[in-house]
Amino acid sequence: MEKKQLKEMSFLDHLEELRWLLVRSTIAIIIMAFLTYFISDYLFDTIIFGPTRPSFYTYRWFCDLSHYLNFGESICIEELPFIIQNTLMEGQVNMFVWMCLLAGFILAFPYILYQIWGFISPALYPNERKNAKFFIFISSLLFFLGVLFGYFVIIPMSVNFVATFTVSEMVKNQFTLESYIGMFKTSVIAGGLFFELPIIIYFLTKLGLVTPEFLRKYRKYAIVIVLIVAAIVTPPDVVSQTIVAIPMLIIFELSVIISSIVYKRKLKNEQLS
């Protein structure tokens with residue numbers, strides 16, 4: 001199978017294409033961030049600060065699960081004893097801008113993928129370039145699922161843990177706005193990017209940088225890392241840790257399966273060529 005003949009591009013031409021990729025992506029993020037300005041009240045009051053309230057959906061779901069498993073009120077959240085305060089004169093303005101940009105990045109992510117695909121597609125086979133829509137759809141879906149996982153699982157579990165952990169009853173929790181927003185941004189972006197692992201493994205396998213044997217060899221280490229992360233971001237109970245760990249392990253195993261499929265196809269193509 002031969003790649004489509006393309007005009008050779010110099011290193012500077014590639015840099016120019018990359019520059020325009022970044023420019024167009026940045027413009028898209030700014031446009032989407034500007035649009036979120038019109039729903040900023042809902043963005044902050046309902047979405048961003050939602051996990052700080054005991055009535056948040058995840059806490060209510062955990063409580064229902066506790067009753068279903070006959071654990072009583074053991075994992076029900078009745079109170080989150082902390083307040084969020086601003087300690088910088090420009091703090092609220094900065095956080096407002098950053099969260100609008102974060103929302104803009106999330107909303108513009110499919111377009112950013114489209115730009116990335118346009119950048120790498122000249123190096124792909126013609127039949128691979130036909131899969132552009134499928135690539136963008138699956139990658140966007142995984143990213144949005146990861147963002148939702150970070151928002152509905154990682155953030156509330158982290159908030160509950162740090163709000164209820166105390167070294168002494170003499171110490172009261174008063175978190176700064178910057179620390180809460182920082183945790184929020186890290187959780188949703190890390191969740192979104194982690195769920196992109198199957199796509200990343202797909203390309204790394206095609207490039208020959210990763211093999212299914214390598215992933216299987218280090219599977220036990222990956223499991224340990226996932227369990228450690230789950231233990232850090234959740235309260236010290238098995239149910240919470242399991243709920244966090246299972247999706248992450250599924251994503252890893254899916255990546256192994258994808259790597260195996262791509263690797264077999266690659267070997268088959270090499271034998272036929």
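Just so you know, these numbers use all the heavy atoms, side chains as well, and skip hydrogens, waters and symmetry mates.
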Got [X] and [Y] here, is their nearest side-chain heavy-atom distance under 4.5 Å?
X	Y	answer
V162	S158	no
Y59	R53	no
R24	W20	yes
I83	K172	no
F203	V262	no
P212	K264	no
F144	P110	yes
I48	F184	yes

Check the angle between the aromatic planes of Y221 and Y218 and answer parallel, tilted or perpendicular using the 30° and 60° thresholds.
tilted
Atom of [X], atom of [Y] and distance for their closest heavy-atom approach:
X	Y	value
M32	A108	CG-CB, 3.9 Å
F96	S40	CE1-CB, 3.5 Å
M157	F62	CE-CE1, 3.5 Å
L80	I77	CD2-CG2, 3.8 Å
Q115	L21	O-CD1, 3.4 Å
T36	A103	CG2-CB, 3.7 Å

Cluster question for you: counting only ILVMFWY and a side-chain heavy-atom cut-off of under 4.5 Å, with indirect links fine, are [X] and [Y] together?
X	Y	answer
L113	L148	yes
L197	I225	yes
L43	F34	yes
L193	L102	yes
L267	I258	no

[X] side chain to [Y] backbone, donor-acceptor under 3.5 Å:
X	Y	answer
N86	L177	no
T176	S179	yes
T58	F152	yes

Test side-chain contact (heavy atoms from CB on, under 4.5 Å) applied to I84 and F49, step by step:
CA-CA 10 Å; I84 297 177; F49 293 115; 3.9 Å; yes
Using the rule given for side-chain contact (heavy atoms from CB on, under 4.5 Å), can you reason through V159 versus M183, listing the C-alpha separation, both sets of side-chain angles and the distance that settles it, and then say yes or no?
CA-CA 9 Å; V159 169; M183 181 273 297; 3.6 Å; yes
Between Y180 and F175, is the gap from one ring center to the other below 6.0 Å?
no
Taking the ring of Y151 and the ring of F56, is the distance between their centroids below 6.0 Å?
yes
Measuring from [X]:[atom1] to [Y]:[atom2], what's the distance to the nearest 0.5 Å?
X	Y	atom1	atom2	value
I136	I199	CD1	CD1	11.0 Å
I257	I201	CD1	CD1	13.0 Å
L215	E253	CG	CD	9.5 Å
I246	I251	CD1	CD1	13.0 Å
L107	I112	CG	CD1	10.0 Å
R219	L249	CZ	CG	10.5 Å

[X] atom [atom1], over 12 foreign heavy atoms within 6.0 Å:
X	atom1	value
F109	CZ	yes
R265	CZ	no
Q92	CD	no
F38	CZ	yes
F44	CZ	yes

So, T205 and S259: side-chain donor and acceptor under 3.5 Å apart, yes or no?
yes
Please say which of F194, F195, F143 ends up in a ring-ring contact (aromatic ring centres under 6.0 Å, His included) with F149.
F195
